[in-house]
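Quick note: numbers below take in every heavy atom, side chains included, and nothing from hydrogens, waters or symmetry partners. Bear in mind the structure is a predicted one, so any value in this text is a computation, not a measurement.
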Amino acid sequence: MEGSFSSHFFAALIIFLSFTSCANLSSAARPAAEKASTEFIRTSCGTTTYPKLCYTSLSAHASVIQTSPKLLADTALAVTLSTARSTSSLMSKMVQSHGLKPREVAAMHDCVEELSDSVDQLRKAMGEMTQIKGSNFGLMMNDIQTWVSTALTDEDTCTDGFAGNAMNGNLKTAVRARVVNMAHMTSNALGLINSYASLHN
């Protein structure tokens with residue numbers, strides 16, 4: 001009986017030790033995987049126009065991105081679309097502010113329209129990215145690159161409306177800061193999409 005108890009005890013102990021060693025290995029592997037992912041993001045962002053913004057906007061998603069160029073491009077596009085939506089929404093509210101000069105109201109209306117178009121372009125690109133397949137890869141990537149490029153043009157057109165001395169002060173500063181940030185993120189997303197596309201050429 002005692003021998004039987006001992007053998008059961010040792011068997012249980014071996015199982016326990018094997019589980020804990022596996023757990024330790026997986027917990028040790030996790031930081032290593034995260035480190036590899038953040039380094040992959042840092043290196044990939046180094047090829048974009050605004051590498052610091054690229055890294056800060058994407059490093060929080062390292063566990064999703066891992067070391068996949070496709071997931072990196074997907075995430076960059078998703079984060080950019082989210083920023084574009086919130087910026088567009090904010091501009092729509094700001095255009096209703098009291099005390100705006102006619103020139104400011106006109107520029108804001110134009111900007112809201114451009115940003116709305118930009119959101120639509122990014123949304124189409126995001127939808128296509130989730131559907132991308134090997135057989136139609138080239139055609140689908142061309143569409144995505146065109147839509148993101150168009151979104152970037154729309155954002156630049158918005159900021160053009162605030163150029164020069166016709167508009168100064170807090171409104172110009174606030175609008176330009178938001179839209180320029182959005183345009184920089186769009187530019188980075190396009191760069192990462194282009195990098196991903198080049199892997200298949």
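- In this structure, CD1 on Ile41 lies 6.5 Å from OG on Ser59, to the nearest 0.5 angstrom.
- Under the 4.5 Å side-chain heavy-atom criterion for Ile, Leu, Val, Met, Phe, Trp and Tyr, Val105 and Met91 are members of the same hydrophobic cluster.
- Judged by distance alone, with hydrogens and angles left aside, the side-chain atoms of Ser37 form a donor-acceptor pair with the main-chain N or O of Ala62 at under 3.5 Å.
- In this structure, Lys70 and Ile132 approach most closely via the heavy-atom pair CE-CG2, 3.4 Å.
- Two residues are said to be in side-chain contact when any heavy atoms from C-beta on lie closer than 4.5 Å; Asp110 and Thr157 fail this criterion.
- Closest heavy-atom contact between Thr146 and Asn142: OG1-O, 2.8 Å.
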>> As a quick check of understanding, evaluate side chain to side chain contact (heavy atoms under 4.5 Å, CB included) for Leu192 and Leu58, giving each step before the final call.
In response: CA-CA 12 Å; Leu192 295 173; Leu58 295 176; 3.7 Å; yes

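- Annotation: the span from Ser149 atom OG to Ile193 atom CD1 amounts to 8.5 Å, rounded to 0.5 Å.
- Not one N or O on the side chain of Ser68 forms a donor-acceptor pair closer than 3.5 Å with the backbone of Ile65.
- Here the OG atom belonging to Ser92 is positioned 8.0 Å from the CG atom belonging to Leu115, to the nearest 0.5 angstrom.
- Pairs passing the ring-ring contact (aromatic ring centres under 6.0 Å, His included) check and including a residue from residues 175-196, sequence neighbours excluded, read Tyr50-His184, Phe137-Tyr196, Tyr196-His200.
- Follow the hydrophobic side-chain contacts under 4.5 Å out from Met141 and you reach Leu81 in the same cluster.
- No side-chain heavy atom of Gln121 sits under 4.5 Å from any side-chain heavy atom of Val148.
- Taking each heavy atom of Leu71 and Thr75 in turn, the nearest pair found is O-OG1, 2.7 Å.
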> What do the steps show when you test Leu190 against Thr186 for side chain to side chain contact (heavy atoms under 4.5 Å, CB included), and what is the final call?
Replying inline: CA-CA 6 Å; Leu190 181 59; Thr186 306; 5.7 Å; no

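- The distance from the OG1 atom of Thr49 to the CG atom of Asn188 is 6.0 Å, given to the nearest 0.5 Å.
- Note that CE of Met185 is 10.5 Å distant from CG of Leu77, once rounded to the nearest 0.5 Å.
- Each of Val119, Val179, Asp117 was checked for a side-chain contact (heavy atoms from CB on, under 4.5 Å) with Asp154, and the lone residue meeting it is Asp117.
- To the nearest 0.5 Å, atom CZ of residue Arg178 and atom OG of residue Ser86 are 7.0 Å apart.
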>> Show, in sequence, the C-alpha distance, side-chain angles and deciding distance for Ser118 and Met182, and conclude whether the side chain to side chain contact (heavy atoms under 4.5 Å, CB included) test is met.
In response: CA-CA 10 Å; Ser118 179; Met182 176 178 161; 3.6 Å; yes

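- Taking every heavy atom of both residues into account, Ser195 and Thr47 meet most closely at OG-OG1, 4.1 Å.
- The environment of Glu113 atom CD is sparse: at most 12 non-hydrogen atoms of other residues, nucleotides or ligands sit within 6.0 angstrom.
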>> Could you walk me through whether Lys124 and Asp120 satisfy the salt bridge (Lys or Arg N to Asp or Glu O under 4.0 Å) test, starting with their C-alpha distance in whole Å, then the side-chain angles of each, then the deciding distance to 0.1 Å, before giving a yes or no?
In response: CA-CA 6 Å; Lys124 285 194 287 188; Asp120 284 343; over 6 Å; no

> For Val112 and Met94, what are the C-alpha separation, side-chain angles and deciding distance, and is it a side chain to side chain contact (heavy atoms under 4.5 Å, CB included)?
Replying inline: CA-CA 10 Å; Val112 165; Met94 286 176 73; over 6 Å; no

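- Annotation for Met108 and Val175: closest pair SD-CG2, 3.6 Å, computed over non-hydrogen atoms.
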>> Working note: Ser89 + Lys93, criterion side chain to side chain donor-acceptor pair (under 3.5 Å); need CA distance, chi angles, decisive distance, verdict.
In response: CA-CA 7 Å; Ser89 175; Lys93 291 189 181 89; 3.3 Å; yes

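- Checked by atom type and distance alone, the side chain of Thr43 never pairs as donor or acceptor with a backbone atom of Phe40 at under 3.5 Å.
- Closest approach of Glu155 and Ala183 over heavy atoms only: OE1-CA, 3.0 Å.
- Trp147 and Met140 sit in two unconnected hydrophobic clusters of ILVMFWY residues. Membership requires side-chain heavy atoms under 4.5 Å apart, directly or through other members.
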